[in-house]
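Accompanying notes for the structure given below.
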Amino acid sequence: MNAESDERAPGAEADEKAELGSRAPEFIKSRRGLHLSWQVGVFIVGLAVIGAGILMLVFPGPGWLVIFAGMAIWATEFVWAQIVLRWTKRKVTEAAQRALDPRVRRRNITLTVIGLVIIAALLGWYLWKFGIVMPWKIDE
């Protein structure tokens, strides 16, 4: 599989032409020390948001959404983050278009039904073989 896709989603041309680089206000970009401080601040805020998103992958919360929000914060200042965010948007759009394909949807529904039937059969066999025993009635 290619890391890059040859297919472009509709509207991707406009996204590709968007200017890369810092989106800091001009008075900040005009002073090197201030701009460096701005970049450090943006990096720390983005890192904190991404760290919170990683924690939300383990604990309850919208982990991936928060991670992408942290990447969007970084993309306001860093070209590499803008490129990664564009690549991610393109891949998500392509995956969504593939998921809407009727053949793919039928296959996914069929596999889900087969999986549920197998799980129901295994659960029925287990209950037939061992029955239901409540934890407080287990004799040691």
Side-chain angles (χ1 to χ4, degrees):
M1 254 182 137
N2 285 345
E4 293 295 323
S5 175
D6 294 335
E7 299 174 14
R8 297 283 185 216
E13 297 83 21
D15 191 33
E16 293 295 326
K17 292 179 183 176
E19 186 177 324
L20 294 174
S22 175
R23 291 186 177 90
E26 287 302 320
F27 74 92
I28 290 177
K29 285 195 259 185
S30 65
R31 294 169 181 84
R32 183 161 171 76
L34 188 58
H35 191 233
L36 185 60
S37 299
W38 178 271
Q39 286 182 324
V40 168
V42 167
F43 183 80
I44 290 172
V45 169
L47 187 63
V49 171
I50 288 176
I54 290 171
L55 284 175
M56 287 182 200
L57 291 176
V58 179
F59 298 110
W64 285 110
L65 184 67
V66 174
I67 290 172
F68 290 133
M71 284 298 296
I73 290 170
W74 277 348
T76 63
E77 197 58 37
F78 304 107
V79 173
W80 61 268
Q82 292 169 1
I83 292 170
V84 168
L85 206 55
R86 283 182 184 176
W87 180 84
T88 304
K89 284 180 184 177
R90 189 171 60 244
K91 290 299 179 181
V92 167
T93 303
E94 290 171 7
Q97 288 174 349
R98 279 195 310 270
L100 292 175
D101 180 19
R103 292 181 302 156
V104 174
R105 291 183 70 202
R106 270 194 306 273
R107 184 198 64 205
N108 290 344
I109 290 171
T110 303
L111 290 175
T112 301
V113 168
I114 290 170
L116 289 174
V117 167
I118 291 171
I119 289 171
L122 290 174
L123 182 64
W125 172 81
Y126 180 84
L127 291 175
W128 173 74
K129 185 81 170 168
F130 300 106
I132 297 178
V133 178
M134 295 298 169
W136 52 85
K137 292 189 177 185
I138 294 177
D139 296 328
E140 292 186 42

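Start at 1 with the first residue, then count along the sequence. Computed from a prediction, not measured in an experiment: that's the story for all the values here.
Residue L47 is grouped with residue L57 when hydrophobic side chains (ILVMFWY) are merged at heavy-atom distances under 4.5 angstrom, including chains of intermediate members. Using a 4.5 Å cut-off between side-chain heavy atoms of Ile, Leu, Val, Met, Phe, Trp and Tyr, with links allowed through other members, L34 and W38 fall into the same hydrophobic cluster. A continuous path of hydrophobic side-chain contacts links F43 to V84 [ILVMFWY only; heavy atoms under 4.5 Å]. Cluster annotation: L55 is not connected to V45 through the hydrophobic network of ILVMFWY side chains, with a link wherever side-chain heavy atoms come within less than 4.5 Å.
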Could you tabulate the donor-acceptor pairs under 3.5 Å formed by side-chain atoms of residues 115-133, not counting sequence neighbours?
none

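Checked against side chain to side chain contact (heavy atoms under 4.5 Å, CB included), I50 has the following partners two or more places apart in sequence or in another chain: I54, M71, W74. Under the salt bridge (charged side-chain N to carboxylate O under 4.0 Å, His left out) criterion, R103 pairs with D101, sequence neighbours left out. Remark: F68 pairs with W64, T88 by the side chain to side chain contact (heavy atoms under 4.5 Å, CB included) rule, at least two apart or across chains. With sequence neighbours excluded, no residue satisfies ring-ring contact (aromatic ring centres under 6.0 Å, His included) with F59.
Hydrophobic side-chain contacts under 4.5 Å tie L111 to no other Ile, Leu, Val, Met, Phe, Trp or Tyr residue. Other cluster members for V92: none, since no ILVMFWY side-chain heavy atom sits under 4.5 Å from it. The other residues sharing a hydrophobic cluster with V40 are I44, where clustering joins ILVMFWY side chains under 4.5 Å apart.
Here the closest heavy-atom approach between residue P62 and residue M56 is recorded as CD-SD, 3.7 Å. Contact between I73 and T76 at its shortest, heavy atoms only, is O-OG1, 2.6 Å.
Taken to the nearest 0.5 Å, the OG1 atom of T93 stands 10.5 Å off from the CZ atom of R98. Distance check: L85 CG to I83 CD1 gives 11.0 Å after rounding to the nearest 0.5 Å.
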